[in-house]
Amino acid sequence: MKNRKKLRQMTFNGELYLWAYHYDDRDFDNYPYSYYLFVPKENNKLKVRVYFKRYAPNMAIDIYSEAGTICLYKGERIVLNLCRPFFARQVIEYVFQNCCNNTDTGEVEIKDGDLILNRLGFKEF
């Protein structure tokens, strides 16, 4: 896996979170293998990883491009690019409202990030 890029910041519900999207194009056993890493800024003892298997990014890691995967979002065709803050915000909000609390500790692994995308309204990616 390539070196991790710097974590970015996002505010949700008055709290600051660090986040990054990672993609390993050399993991042939799990391809496509990608995940979000979320860490509450005030609680670095919690690390949440949301894994994606069906979402196949059309970009290399660390490249912030317009490329992405065509899908349906609430019935409209859009380009889904998990590197973009718009999409990260939707997932981070879902995770911290439904899966864990920002005061938890340890490492949380959510293996079915594709299901989260479906629940958020993304289809056919």
Side-chain angles (χ1 to χ4, degrees):
M1 188 177 291
K2 296 182 182 182
N3 291 335
R4 292 183 179 205
K5 62 184 174 181
K6 185 177 178 180
L7 294 175
R8 300 163 70 187
Q9 295 186 6
M10 177 178 300
T11 301
F12 161 65
N13 206 20
E15 299 287 331
L16 189 61
Y17 295 89
L18 304 175
W19 72 277
Y21 174 72
H22 299 282
Y23 170 60
D24 187 353
D25 61 351
R26 296 178 189 202
D27 186 351
F28 298 112
D29 292 334
N30 297 307
Y31 181 83
Y33 171 74
S34 64
Y35 67 93
Y36 274 126
L37 172 64
F38 299 135
V39 180
K41 178 81 172 176
E42 299 299 320
N43 180 12
N44 62 2
K45 293 181 180 181
L46 174 63
K47 292 177 180 48
V48 179
R49 286 182 179 80
V50 181
Y51 292 92
F52 303 94
K53 294 266 185 183
R54 283 190 341 224
Y55 170 77
N58 293 328
M59 77 284 296
I61 192 166
D62 295 334
I63 295 178
Y64 196 72
S65 76
E66 294 294 326
T69 300
I70 302 293
C71 72
L72 291 178
Y73 177 62
K74 298 182 179 178
E76 294 185 32
R77 288 179 58 97
I78 66 160
V79 176
L80 176 61
N81 182 335
L82 295 182
C83 291
R84 297 283 184 200
F86 173 79
F87 302 109
R89 180 174 183 85
Q90 290 180 311
V91 176
I92 200 169
E93 286 179 8
Y94 183 91
V95 165
F96 284 95
Q97 287 177 343
N98 299 289
C99 303
C100 61
N101 191 316
N102 63 353
T103 58
D104 293 344
T105 58
E107 298 210 7
V108 175
E109 292 187 339
I110 300 169
K111 297 290 189 180
D112 197 355
D114 298 311
L115 180 62
I116 292 174
L117 291 176
N118 284 147
R119 288 182 177 163
L120 291 171
F122 298 97
K123 308 284 184 212
E124 299 180 20
F125 49 88

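Just the heavy atoms: all of them, side chains too, but no hydrogens, waters or symmetry mates, feed the values below.
In this structure, K123 contributes its side chain and N118 its backbone to a donor-acceptor pair below 3.5 Å. With hydrogens and angles ignored, the 3.5 Å screen pairs no side-chain donor or acceptor of N13 with any backbone N or O of E15.
Rounded to the nearest 0.5 Å, atoms CD (E93) and CE (M10) are 8.5 Å apart. A distance of 9.5 Å separates CD1 in I92 from CG in N102, rounded to the nearest 0.5 Å. If you take CG on N44 and CD on E42, they are separated by 9.5 Å, rounding to the nearest 0.5 Å. Atom CD1 of I116 and atom CD of Q90 lie 12.0 Å apart (nearest 0.5 Å). To the nearest 0.5 Å, the span separating OG1 on T69 from CZ on F52 amounts to 11.5 Å. Distance check, rounded to the nearest 0.5 Å: CG of L120 to CG of L80 gives 10.0 Å.
Between Y36 and Y21, the ring-plane angle classifies as perpendicular under the 30° and 60° cut-offs. Below 30°, between 30° and 60°, or above 60°: for Y17 and F96 the angle between ring planes is between 30° and 60°, a tilted geometry.
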- List the steps and the verdict of side-chain contact (heavy atoms from CB on, under 4.5 Å) for W19 and Q9. CA-CA 6 Å; W19 72 277; Q9 295 186 6; over 6 Å; no
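Each of V91 and L16 belongs to its own hydrophobic cluster when Ile, Leu, Val, Met, Phe, Trp and Tyr are linked at side-chain heavy-atom distances under 4.5 angstrom. Hydrophobic cluster membership differs between L82 and L115, with clusters built from Ile, Leu, Val, Met, Phe, Trp and Tyr side chains linked at under 4.5 angstrom.
Between R8 and P85, the shortest heavy-atom contact is NH2-CG, 3.3 Å.
A donor-acceptor pair shorter than 3.5 Å cannot be found between the side chains of E124 and Y73.
A salt bridge links E109 to K111: one of the charged nitrogens lies within less than 4.0 Å of a carboxylate oxygen. Under 4.0 Å is where a charged nitrogen must lie from a carboxylate oxygen, and between E107 and R49 at least one such pair does.
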